[in-house]
Amino acid sequence: MASSVVNMHRNGLVIAIDGPSGAGKSTVAHLLAERLGYQQIDTGAMYRAVAFLIHQEGIDPDDLEALERFCSGIDIRLERLDGHQRVVANGQDVTRQIRTPEMSLMTSRISALGPVRQAMLQAQRRMGAQGGVVLEGRDIGTVVFPDAEVKFFLSASAQERGRRRYQELLAKGEQVTLEDTIQAVTSRDLQDSQRDLAPLRMAVDAIAIDSSDRTIEEVLDAMVAVCRNTSHADPDTSEHVSTPTNGNEP
Ligand code: DC
């Protein structure tokens, strides 16, 4: 933990939640951000939005120059509307379109490319620079914010992660089988952890949490306890201040 490091995050902690797909990152990141009165930044949604645009614009992912030109002008926003996250890419609401199994696989592929990672790295650092944020992804604790005060690595067995993703897809009316979903989750993890740039990896100072046999509330309570025990230093006063909360003490 980097809790004793005096840093420049004014509005609160930078909390990193990394881990493979289906480990429950989005759910706990959302609840943790709510509990602490922080902003949630779903970096996977940002990569998905880029994949969507690349596909829509017909850009050849192998043409790195064209990709770089395109990515440098991209504008991805994460907005909250009626308690739900909306993903807006170059002014277009892509919230629903980015969640299909095809888009998941495509995102895993394009997120291995340098120009895409560079653009998202800069955007994510800008969004989280002031602190008071929960960022979830694959490389937050290792690359995007290696100085994050709190780092979690959330995992679960491949079987359990596949089962959860299957339930989500069924609820959305997708025609999928459990076997295919487990297979898709496993091959995406392999792709995400074997790429050269910012692969999925646990930071050496991250706290590992296995959510296979734990409820969301149990995982969340463990995370909240860690965050509440971590102070952040206000650079203006050099005083240690406690984590801001929205008053929902557990
Ligand atoms: O978290 P997710 O399933 O929505 O992420 C979609 C893909 O984006 C995932 O396969 C890997 C990629 N990703 C990444 O490379 N780095 C991140 N910080 C977040 C996601």
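In what follows, every heavy atom counts, from backbone to side chain, and hydrogens, waters and symmetry copies are set aside. Note that this is a predicted model, so its numbers are computed, not measured. Note that ligands are numbered from 1 as they come in the structure, with each ligand's atoms numbered from 1 the same way.
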Novice: Who are the side-chain contact (heavy atoms from CB on, under 4.5 Å) partners of Glu68, not counting sequence neighbours?
Specialist: Pro115
Novice: For ligand 1, list the protein residues that place a heavy atom within a distance below 4.0 Å of one of its atoms, sorted by chain and number.
Specialist: Thr43, Gly44, Tyr47, Arg48, Arg99, Thr107, Ser108, Ser111, Arg117, Gly137, Arg138, Asp139, Arg188, Asp192, Arg195
Novice: Do you see a donor-acceptor pair shorter than 3.5 Å between the side chains of Glu136 and Ser26?
Specialist: yes
Novice: Without swapping roles, check the side chain of Arg77 against the backbone of Glu79 for a donor-acceptor pair under 3.5 Å.
Specialist: no
Novice: Do the charged groups of Arg138 and Asp18 touch, with an N to O distance under 4.0 Å?
Specialist: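 No.
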Novice: Show your working on side-chain hydrogen bond (donor to acceptor under 3.5 Å, both in side chains) between Asp210 and Ser155 and close with a plain yes or no.
Specialist: CA-CA 5 Å; Asp210 187 329; Ser155 62; 4.6 Å; no
Novice: For the residue pair Gln191 and Ser108, confirm or rule out a side-chain donor-acceptor distance under 3.5 Å.
Specialist: yes
